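Okay, so here's the structure we're looking at.
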Amino acid sequence: MDIHALETWYKKNKRDLPFRKTHDPYRIWISEIMLQQTQVDTVIPYYESFIKRFPHVSDLAKADQEQVLKMIEGLGYYRRFRYMKKTAEIIMSDHNGHFPKTYKDLLELPGIGTYTASAIMSIAYNEPYAATDGNVIRVFSREEGIEGDMRKAKNKRKIQSVNQSLIEQAEPTIYTQAMMEIGALICTPKNPACETCPLNGTCFAYQHDAQMDLPDLSKRKPQKQTHYMTLIVEDEDHLFLRKQDEAMLGGLYLCPQYEATDIETVIQQLRQKDIFLKDPRFLGKEKHVFSHRIWHMLVYKTRLTGEKPDDWTRVNKKKLKDVPMPVAHQKIMTLFKANR
DNA sequence: AAGACGGGGTT
DNA sequence: AACCCAGTCTT
């Protein structure tokens, strides 16, 4: 590959992104966590407001976990932000507030894996650690004509090896960003812009017209579908919500919902536990598609007579705007507001 | 090595 | 509707 052509192309064509205005390892780290499995255009407004609210790692370490989740509500993969908060605390307690400077130390932090550690090493510190992400896999599998299912670790290691040998001949901070930028702007999954690609002179896929066959990515399994009865339980000025445990949507608040296909079943089940729903009224249905699941929700508005379950939280309606909720249940709240 | 984990953009 | 994305962690 022509590294010089790549770097020249990058300097001329790179986007003006907020996290490219700095080499501060804290800011590079925040951007890299946010960018995991998430499009650049989605991240930008979150990154801007997050850095404004938490300009230094100490601000994040001191912050309230719930407020952090509220700041990144809607980005998905919420576990990464609980790891992020934990890592900020570790940097304050174990590293004297200084961001770790070695690959090994970075890798020990929660939520920082081989990709993110390498991205920080190369982008923030200009050290030759190859960061191999989805863009890099696509560019190299095409440019070098590397076959094999790229969802498998064995085949990713081939890409990692090529990537590492190249960054050692390059300016790391430029090289890492240039590889990802060309994957985002030129070497796209569909309809790559090969005619304007600075690498087309040495590209295997271009010369064999194999752009659409590379990279080889195996099919994903279909999502598991689940049916819920979703309850909007209110009293005069409060709503009852349930905080998710670690498994899925961890730390976010949802309306109580029960896996069932009719409301009568739920009413009966709750009655067994001395919880009585008063006059449930059907508001509508919502479907929410996750990458690995599909939720079908029938939404009922109701009130409570007697006690509430221990794991429900009574939230003042005026405080709802401070409570982090997943998009799936932001839809439920919209339905609620439309029916007041 | 395989599965869990969100949500939005693109085609 | 299918596919993809600046991945990491657990089992």
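All values below were derived from every heavy atom in this structure, side-chain atoms included, with hydrogens, water molecules and symmetry-related copies excluded. Order of the sequence lines fixes the chain letters, A, B, ..., with proteins taken first and strands second; residue numbering starts at 1 for each chain. All values reported here derive from a predicted model rather than from experimental measurement.
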Distance between [atom1] atoms of [N] and [M] (Å, rounded):
N: dG9(B); M: dT8(C); atom1: C1'; value: 23 Å
N: dG8(B); M: dC9(C); atom1: C1'; value: 23 Å
N: dC4(C); M: dG6(B); atom1: C1'; value: 14 Å
N: dC5(B); M: dC5(C); atom1: C1'; value: 14 Å

Side-chain donor-acceptor contacts of residues 102-109 of chain A below 3.5 Å, not counting sequence neighbours, with atom names and distances?
| from | atom 1 | to | atom 2 | distance (Å) |
| --- | --- | --- | --- | --- |
| Thr102(A) | OG1 | Asp105(A) | N | 3.1 |
| Thr102(A) | OG1 | Asp105(A) | OD2 | 3.3 |

Does [X] reach the side chain of [Y], with side-chain heavy atoms less than 4.5 Å apart?
X: Ser141(A); Y: Lys158(A); result: no
X: Phe54(A); Y: Met71(A); result: yes
X: Pro198(A); Y: Ile182(A); result: yes

Rounded distance in Å - [atom1] ([X]) to [atom2] ([N]):
X: Leu217(A); N: dA2(C); atom1: CG; atom2: C1'; value: 13 Å
X: Ile182(A); N: dA6(C); atom1: CD1; atom2: P; value: 13 Å
X: Gln211(A); N: dC4(C); atom1: CD; atom2: C1'; value: 18 Å
X: Lys156(A); N: dA6(C); atom1: NZ; atom2: P; value: 13 Å
X: Asp216(A); N: dC3(C); atom1: CG; atom2: C1'; value: 14 Å
X: Lys190(A); N: dA1(C); atom1: NZ; atom2: C1'; value: 12 Å
X: Asn163(A); N: dA6(C); atom1: CG; atom2: P; value: 14 Å
X: Tyr78(A); N: dG7(C); atom1: OH; atom2: C1'; value: 17 Å

By nearest-heavy-atom nucleotide on DNA chain B, the more 5' of Lys152(A) and Gly76(A) is Lys152(A)
DNA chain B nearest-nucleotide lookup for Ala328(A) and Lys154(A): closer to the 5′ end is Lys154(A)
I need the full list of side chain to side chain donor-acceptor pair (under 3.5 Å) pairs touching [range], with sequence neighbours left out, sorted by first then second residue.
range: residues 43-54 of chain A; answer: Arg53(A)-Gln67(A)
range: residues 183-199 of chain A; answer: Glu195(A)-Tyr206(A)
range: residues 109-134 of chain A; answer: Glu32(A)-Tyr115(A), Gln36(A)-Thr116(A), Ser122(A)-Thr176(A), Asn126(A)-Glu171(A), Thr132(A)-Gln160(A), Thr132(A)-Asn163(A), Asp133(A)-Asn135(A)
range: residues 289-308 of chain A; answer: Gln225(A)-His296(A)

Between Ala61(A) and Met92(A), the two heavy atoms sitting closest are CB-CG, 3.5 Å
Run the ring pair (Phe, Tyr, Trp, His ring centres under 6.0 Å) check on Phe240(A) and His238(A) step by step: do they pass? CA-CA 7 Å; Phe240(A) 292 90; His238(A) 294 79; 7.8 Å; no
Only residue of Arg242(A), Lys273(A), Lys243(A) satisfying salt bridge (charged side-chain N to carboxylate O under 4.0 Å, His left out) with Asp311(A) is Arg242(A)
Can you sort out which residues in [range] have a heavy atom within less than 4.0 Å of DNA chain B? Ascending by number, please.
range: residues 102-129 of chain A; answer: none
range: residues 165-177 of chain A; answer: none
range: residues 18-42 of chain A; answer: Gln37(A), Thr38(A), Gln39(A)

Sorted by chain and number, sequence neighbours left out, side-chain hydrogen bond (donor to acceptor under 3.5 Å, both in side chains) with Lys287(A) holds for none
Residues at least two apart in sequence or cross-chain that pass side-chain hydrogen bond (donor to acceptor under 3.5 Å, both in side chains) with Asp262(A), listed by chain then number, are Thr265(A)
Does OP1 or OP2 of dC3(C) have a side-chain N or O of Lys219(A) closer than 4.0 Å?
yes
Per the under-4.0 Å heavy-atom filter, residues of residues 1-13 of chain A near DNA chain C come out as none
What contact category does [X] fall into here, base, sugar-phosphate, or nothing, at under 4.0 angstrom with non-hydrogen atoms?
X: Ala247(A); result: sugar-phosphate
X: Gly250(A); result: nothing
X: Arg151(A); result: sugar-phosphate
X: Arg220(A); result: base

Students should find that the nucleotides of DNA chain B closing off the region near chain A, any atom under 4.0 angstrom from a heavy atom, are dA1(B) to dT11(B)
Atom pair [atom1] ([X]) and [atom2] ([Y]), whose distance is rounded to the nearest 0.5 Å:
X: His208(A); Y: Arg142(A); atom1: NE2; atom2: CZ; result: 15.5 Å
X: Ile123(A); Y: Phe19(A); atom1: CD1; atom2: CZ; result: 9.5 Å
X: Lys317(A); Y: Glu234(A); atom1: NZ; atom2: CD; result: 4.0 Å

Determine whether a donor-acceptor pair (N or O, by modelled atom type, separation under 3.5 Å) exists between the side chain of Glu144(A) and the backbone of Val139(A). no
*Over 12 non-hydrogen atoms of neighbours within 6.0 angstrom of NZ in Lys21(A)*: yes
